[in-house]
**Student:** 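Let me begin by handing over the structure; questions about it come next.
We use all heavy atoms of the structure for the numbers below, so side chains are in, but hydrogens, waters and symmetry mates are not.
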Amino acid sequence: MRPDVTYVYVRDLLERLTGERPDPDGDGDLPVQFGGAQFFVRVVGVVDPWVQVFSVAVADLEPTPGLMVRLNEINAELKFARAFHVSGQVLIETEIWSDDVNPANFHHACSNVAWATDAYATGILSAFGGRPQFEESKTEDYQQGTLPMGVAAEPYL
C-alpha cells in the first residue's frame with residue numbers, strides 16, 4: 001500500500017474508532033485519545049510503509065548512561081514493542097506493516113503500548129525523573145493495561 005493511501009486509511013480508522021478525525025501535530029504525527037489515554041500514530045516509509053503507534057511514557061528527561069541501561073533491560077523484556085529515548089522523551093512504540101492495519105491490529109498495538117507504558121513508566125520516573133506524560137493524558141475511562149474492545153473488535157472497516 002502506498003504511504004498516502006495508508007495515511008488516509010489510518011486517519012479514517014482513527015475517526016471511526018474515536019469519533020474524531022485527528023489532525024497532524026507539528027511532527028506530522030496523528031495524536032489520538034483512545035481507550036482513555038493519548039497515543040500517537042505515524043506512517044513511515046515510501047516503499048512498503050508501516051504504521052508506528054506510540055506513547056510518550058516520560059517527557060522532560062535527559063539521557064543518562066543509567067537510563068540507557070534501564071531502557072536496554074526493558075527492551076530485553078518487552079514483546080512486540082520497544083522503549084527508547086529521543087528528544088528528551090522516553091517513547092514506547094510498536095509497528096504494524098501498512099497492509100496489515102485494521103481495527104483489531106490497531107487495538108492490539110495500542111493495548112501493547114499501554115501495557116508497556118503502565119508497566120515501566122513509573123519506575124523510570126522514580127529512578128531518573130521527568131514528567132509522566134502518558135499518565136497525565138489518562139481520563140477516568142482508562143483501565144490500566146487494558147483497552148475496551150468496542151468497535152476495534154471488528155475485522156475491517
Side-chain angles (χ1 to χ4, degrees), residues 1-3 5-7 9-18 22 24-25 27-59 61 63 67-87 89-125 127-128 130 132-139 141-157:
M1 191 180 311
R2 294 186 343 232
V5 174
T6 301
Y7 185 82
Y9 175 73
V10 167
R11 282 186 79 194
D12 290 346
L13 171 64
L14 294 174
E15 182 176 21
R16 179 162 181 224
L17 293 174
T18 67
D25 64 13
D27 296 325
D29 303 325
L30 297 171
V32 58
Q33 192 74 21
F34 181 66
Q38 185 173 44
F39 297 89
F40 295 88
V41 180
R42 173 186 297 163
V43 176
V44 181
V46 177
V47 178
D48 293 329
W50 61 95
V51 175
Q52 294 175 331
V53 177
F54 63 96
S55 71
V56 179
V58 180
L61 179 61
L67 175 62
M68 298 302 119
V69 167
R70 181 62 188 132
L71 292 177
N72 191 47
E73 292 168 351
I74 290 169
N75 285 325
E77 297 170 10
L78 282 177
K79 306 295 183 257
F80 305 107
R82 66 180 164 273
F84 58 96
H85 183 276
V86 63
S87 301
Q89 305 171 84
V90 171
L91 304 182
I92 306 287
E93 176 183 280
T94 191
E95 298 169 335
I96 310 166
W97 185 42
S98 65
D99 287 349
D100 290 338
V101 175
N102 62 46
N105 285 349
F106 180 78
H107 177 272
H108 184 71
C110 288
S111 293
N112 281 343
V113 168
W115 177 88
T117 305
D118 286 339
Y120 297 107
T122 302
I124 292 170
L125 281 164
F128 304 102
Q133 188 162 334
F134 185 74
E135 189 67 33
E136 291 175 353
S137 81
K138 293 177 184 177
T139 67
D141 299 344
Y142 185 82
Q143 295 178 4
Q144 186 169 5
T146 63
L147 297 176
M149 283 299 280
V151 72
E154 298 173 12
Y156 301 101
L157 276 176

**Student:** Closer than 3.5 angstrom, by distance alone: can the side chain of N75 be matched with the main-chain N or O of L71 as a donor-acceptor pair?
**Tutor:**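 It does hold such a pair.
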
**Student:** I need the L91 CG to F40 CZ distance, nearest 0.5 Å.
**Tutor:**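 If I round to the nearest 0.5 Å, the distance is 9.0 Å.
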
**Student:** If you take all heavy atoms of A57 and I92, which pair is closest and at what distance?
**Tutor:**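 So the minimum-distance heavy-atom pair works out to CB-CG1, 4.0 Å.
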
**Student:** With F39 as reference, evaluate F134, F54, F106 under the ring pair (Phe, Tyr, Trp, His ring centres under 6.0 Å) test and give the passing residue.
**Tutor:**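 It is F134; the other options fail the test.
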
**Student:** Quick one: does Q52's side chain have a donor or acceptor within less than 3.5 Å of a partner on I96's backbone?
**Tutor:**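 A pair under 3.5 Å: no.
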
**Student:** Is it the case that the side chain of T94 and the backbone of F80 share a donor-acceptor pair, with hydrogens and angles ignored and the cut-off at 3.5 Å?
**Tutor:**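 Checking the backbone N and O of F80 against the side chain of T94, a donor-acceptor pair under 3.5 Å is found.
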
**Student:** Do V113 and E93 make a side-chain contact, defined as non-hydrogen atoms from C-beta onward lying under 4.5 Å apart?
**Tutor:**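 No, their side chains stay 4.5 Å or more apart.
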
**Student:** Would you say R70's side chain and I124's backbone share a donor-acceptor pair under 3.5 angstrom?
**Tutor:** no

**Student:** Mind checking the CZ-CE spacing from F84 to M68? Nearest 0.5 Å is all I need.
**Tutor:** 11.0 Å

**Student:** Kindly write out the residues that satisfy salt bridge (charged side-chain N to carboxylate O under 4.0 Å, His left out) with D29, not counting sequence neighbours, or none if the list is empty.
**Tutor:**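 Counting only residues at least two positions away or on another chain, D29 forms a salt bridge (charged side-chain N to carboxylate O under 4.0 Å, His left out) with R42.
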
**Student:** Kindly write out the residues that satisfy side chain to side chain contact (heavy atoms under 4.5 Å, CB included) with E136, not counting sequence neighbours, or none if the list is empty.
**Tutor:**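 In terms of side chain to side chain contact (heavy atoms under 4.5 Å, CB included), with neighbours along the sequence ignored, E136 is linked to R131, P132.
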
**Student:** Just to verify, what does R2 make a salt bridge (charged side-chain N to carboxylate O under 4.0 Å, His left out) with, not counting sequence neighbours?
**Tutor:**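 Here the qualifying residues are D4.
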
**Student:** Which distance, rounded to the nearest 0.5 Å, do you find between the CG of D118 and the OG of S55?
**Tutor:**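 The CG atom of D118 sits 8.5 Å away from the OG atom of S55.
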
**Student:** Starting at CG of L125, measure out to OG1 of T122 and round the result to the nearest 0.5 Å.
**Tutor:**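 Between L125 CG and T122 OG1, I get 6.5 Å after rounding to 0.5 Å.
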
**Student:** Looking at every non-hydrogen atom in both residues, tell me the closest pair between D27 and D25 and how far apart they are.
**Tutor:** N-OD1, 2.9 Å

**Student:** With no hydrogens and no angle check, is any side-chain donor or acceptor of H85 less than 3.5 Å from a backbone partner on L61?
**Tutor:** yes

**Student:** Of all heavy-atom pairs between L78 and A83, which one has the smallest distance, and what is that distance?
**Tutor:**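 Between these two residues, the closest heavy atoms are CD1-N, 4.0 Å.
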
**Student:** Under the 3.5 angstrom rule, does the side chain of S98 hit a backbone N or O of P49 as a donor-acceptor pair?
**Tutor:** yes

**Student:** Are any of the side-chain heavy atoms of W50 and P3 separated by less than 4.5 Å?
**Tutor:** no

**Student:** Please name the pair of heavy atoms, one in V41 and one in V51, separated by the smallest distance, quoted to 0.1 Å.
**Tutor:**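 What the structure gives for the nearest pair is CG1-CG1, 3.5 Å.
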
**Student:** If you look at every heavy atom in P31 and Q38, which pair is closest and at what distance?
**Tutor:**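 So the minimum-distance heavy-atom pair works out to CB-NE2, 3.7 Å.
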
**Student:** What are the two closest heavy atoms between P103 and Y9, and how far apart are they?
**Tutor:** CD-OH, 4.0 Å

**Student:** Measuring from N102:CG to H108:NE2, what's the distance to the nearest 0.5 Å?
**Tutor:**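 These two atoms lie 11.5 Å from each other.
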
